[in-house]
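First the proteins, then the strands, lettered A, B, ... as listed; each starts at 1. Side chains included, hydrogens not; waters and symmetry mates left out as well; all remaining heavy atoms used. Predicted model only: the values in this text are computed from it and were never measured.
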Amino acid sequence: MESISELLAVRRQKLEALSVAGESPFGGRFDTDGGVAELRAGFVEGAGVRAAGRITAHRDMGKSHFLDISDFSGRMQIFLHAKEVGPERYAIFKHLDIGDWIGLEGECFTTKSGEPTLRVKSFKVLSKSLRPLPEKWHGVQDAETKYRQRYLDLIANPDSREKFRQRIAIVRAIRRFLEDRGFLEVETPMMQAIAGGAAAQPFQTHHNALGMDLFLRIAPELYLKRLLVGGFPKVFELNRNFRNEGISRRHNPEFTMLEAYWAFADFEKMAELVEEMVCHLAETICGGLRIEHKDADGQVTKTIDLTRPWKRARYADLIEEAVPGWGAMTSEERRARCGELGLDVSHYGEDFEVAQHVFEKLVEEKSINPLYVTHCPKELVPLAKQNVDDDTVVDVYELVINGQEISPGYSELNDPDVQRARLGAQSGGETQKLDEDFLNALEYGMPPAGGIGIGIDRLVMMLTGAESIRDVILFPHMRRRE
RNA sequence: GCAUCGCUAGCUCAAUGGUAGAGCAGAAGACUCUUAAUCUUUUGGUUCCCGGUUCGAGCCCGGGGCGGUGCACCA
């Protein structure tokens, strides 16, 4: 007999025994006085309490039993004695396992060792667990199991629970922060006839009734700008984007993006907004402006200091700083210099692509503390206004933290003719891809505006010390098994 | 796509090419304040899959699967 079958068989036998004894193994409604961590925190000696949770530990002392019950909020100890519940209920209790959900009613008391504990007077089986839980001390270590069976990770790994609790708090706080400043949250199409607003491979689908192909959006940008045209002064959308590209530590095919637009503002005003917001999140949710990232042994590997004001620097100056003399070099000299620095730029055709590679490797990846990069080359950003003093650069910032691009911010381009030319140049003459309705909307007049995008997953990684995007996405995409 | 590392009991991990082991969980027993409870006994294996080398493969070789990491890709 295989081991797992044996473990399952034993639990099935207990399931049967519960039914025979007249105890429903899958319970029903059970009203409690709160989550277990809340009850433990609000502990009053002698008070009667109703609680429910999953049994996560069992310490057996003859006829005295100490158990931990847990829910998403935390754990609490309960004490169950044969004398307290009577022989019939005690017999039922003997059929319980670690993993089962139970509801109980009891009285608060403190043990000799000082642990707030619930003395069980009565209990009810809420759900029998038919499979054994992961190991109590090490939890689930296997990355594949954590991602494929997130529920096991959430049951067994408190660190993981905490990261998701923080993610939820961050998303909620962002919404509140923006709403408090008059931004309206909107919902725009996720299925689009033309996947615009970024340059990425889209997922394709098909609408049968309309007989047309549609794309999952790669960005909401062009629709949010239509709303600026329509008169919305401050809008944001915080939801999923889809990009049909590689999966990595930093990429999931569907990811969460915040985009916000503010009429009559510019990229610098948006930078102020983002700086204020991220610091607010760090202080209220992550315990302060110094964010520590730790390795598996708990050793601090890096500390991100979010103290304001954040550094601001021009794109060209940062490259010059990384590679002295860059600005005065010819195209050939730059490529040669890249070779000396160990950077492979052979597959880049354009000069700005070579520079961008240098920027990514020598500036972005090395920037741990916040850095606003401004005056970026216009080729990189087709949807932003050109700078009035230097038409080779655009009025944008790129916010880099933790070696990753966290947020771009623009002074949005609102000249329809310039916009058409820039998008046309980007699509390489494939006029089919131009979103004519968007350009048409611009011709009605879009107010000058500041706009931002923030990759929420990467922001949460930065704020919670997660090294992989999969650690902040509940159900990351995996290759199908079998 | 390329490179590299990994896959052993339900979970966490061991195992010079020579009888696959431990801890936890499970089962049986002892114990009325334990908290990684303790103590005694004990069940549990398609070593990811297929093939090869060998007297003999968890281990070596080839192919495949899944996963981690890096590179490539990615405004």
Among residues two or more places apart or on two chains, list those pairs meeting salt bridge (Lys or Arg N to Asp or Glu O under 4.0 Å) that have a residue in residues 394-412 of chain A. K225(A)-E412(A)
Side-chain atoms of residues 82-95 of chain A: list all donor-acceptor pairs with protein atoms under 3.5 Å, sequence neighbours left out, distances to 0.1 Å.
unit_1 : atom_1 : unit_2  : atom_2 : d
E84(A) : OE1    : K121(A) : NZ     : 3.2
R89(A) : NH1    : E23(A)  : OE1    : 2.9
R89(A) : NH2    : E23(A)  : OE1    : 3.3
R89(A) : NH2    : E23(A)  : OE2    : 3.3
R89(A) : NH2    : F123(A) : O      : 2.6
Y90(A) : OH     : H65(A)  : NE2    : 2.8
H95(A) : ND1    : A91(A)  : O      : 3.3

If pairs are Watson-Crick or G-U with both distances under 3.5 Å, what is the dot-bracket string of RNA chain B, marking crossing pairs with [ ] and pairs to another strand with |? (((((((..((((....[..)))).(((((.......))))).....(((((..]....))))))))))))....
For K378(A), which contact category applies under a 4.0 Å heavy-atom criterion: base, sugar-phosphate, or nothing? nothing
Could you identify which residues of residues 62-85 of chain A place a heavy atom less than 4.0 Å from some atom of RNA chain B, listed by residue number, or say none? G62(A), S64(A), F66(A), R75(A), Q77(A), H81(A), K83(A)
I need the CD1-C1' distance between I247(A) and G68(B), as an integer number of Å. 14 Å
If you look only at pairs with a residue in residues 335-365 of chain A, which of them pass as a ring pair (Phe, Tyr, Trp, His ring centres under 6.0 Å), with sequence neighbours excluded? Y315(A)-F359(A), Y348(A)-H357(A)
Strictly by salt bridge (Lys or Arg N to Asp or Glu O under 4.0 Å), give each pair with a member in residues 340-360 of chain A just once, sequence neighbours left out. R337(A)-E340(A)
Whether over 12 other heavy atoms sit under 6.0 Å from R240(A) CZ: no
Pairing donors with acceptors under 3.5 angstrom, does anything connect the side chains of E38(A) and S73(A)? no
Have a look at F255(A) and say if it touches a base, only the backbone sugar-phosphate, or nothing, with a 4.0 Å heavy-atom cut-off. nothing
Does D437(A) pair with R226(A) as a salt bridge, N-O distance under 4.0 Å? yes
